[in-house]
Amino acid sequence: GIQVEQSPPDLILQEGANSTLRCNFSDSVNNLQWFHQNPWGQLINLFYIPSGTKQNGRLSATTVATERYSLLYISSSQTTDSGVYFCAVVELSFGAGTTVTVRA
Amino acid sequence: EAQVTQNPRYLITVTGKKLTVTCSQNMNHEYMSWYRQDPGLGLRQIYYSMNVEVTDKGDVPEGYKVSRKEKRNFPLILESPSPNQTSLYFCASYRGDYGYTFGSGTRLTVV
């Protein structure tokens, strides 16, 4: 199956900082999503982005399908951005996630 | 509001006592699936359903059953729960241009 690798595994940010999370995948995909799992365990769909760039408020994502990677950008981070960020491809092969901690 | 509803949110049960976790979606999606999430193992697919009366095994189907008698509902059944089925469970539905929508999760503890 398709391998999904996320980096970095952990990220500690000061409130207001910007960051970039990366997702590499081992084969061509036509289905890629970014999710945020909040401290209460809920999985929130951030972006469905098989290719191109999308933005939603302080978050944006870019997928370069031909080079098999996707990036999630968090700008002006807030403490509510803390949690685990997953990318997932195809029939939901999840990466291991990036744990983000935003400190006030 | 478009959503996937799982119940219950929390459940503590004893080994061998049959239980059902319900999942319902109001988006008329054909595809639905169940996942379990365990520390260090990430999210793993248990079963999925492409449409009514069509179900198939995912990566970790042992000890679970599902049914899809109508499009909106996709219950997960544990006929004889065991402690190794203690986990956080998610139901999801899928639409091709939007992706997956997850339920709020069910924290199951089997003692």
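The sequence lines fix the lettering, A, B, ..., with proteins before strands; numbering per chain opens at 1.
Residue-environment remark: CZ (A/Arg103) stays at or below the threshold of 12 foreign heavy atoms within 6.0 Å. With a 6.0 Å radius and a threshold of 12 heavy atoms from other residues, nucleotides or ligands, A/Lys54 has its NZ atom above the threshold. The environment of CD in A/Gln55 is crowded: more than 12 heavy-atom neighbours from other residues, nucleotides or ligands sit within 6.0 Å. Within 6.0 Å of NZ on B/Lys71 lie more than 12 heavy atoms contributed by other residues, nucleotides or ligands.
Using a distance-only test at 3.5 Å, with no hydrogens or angles considered, no donor-acceptor pair links the side chain of B/Tyr100 to the main chain of A/Asn45.
In this structure, A/Leu59 is a member of the same hydrophobic cluster as A/Leu21, with clusters built from ILVMFWY side-chain heavy atoms closer than 4.5 Å. Tracing side-chain contacts under 4.5 Å through hydrophobic residues (I, L, V, M, F, W, Y), one never reaches B/Val4 starting from B/Trp34; they form parts of separate clusters.
Taking CH2 of A/Trp40 as the reference point, atom CZ of B/Arg107 lies at 12.0 Å (rounded to 0.5 Å).
B/Arg44 does not touch chain A: none of its heavy atoms, backbone or side chain, sits under 4.5 Å away. Only the side chain of B/Phe90 comes within contact range of chain A, with at least one heavy atom under 4.5 Å from a heavy atom of that chain. Heavy atoms of A/Phe86 lying under 4.5 Å from chain B belong exclusively to its side chain. Of the two parts of B/Asp97, only the backbone, made up of N, CA, C and O, holds a non-hydrogen atom closer than 4.5 Å to a non-hydrogen atom of chain A.
For the set B/Gly96, B/Gly103, B/Ser104, the count of heavy-atom pairs under 4.5 angstrom toward chain A peaks at B/Gly96.
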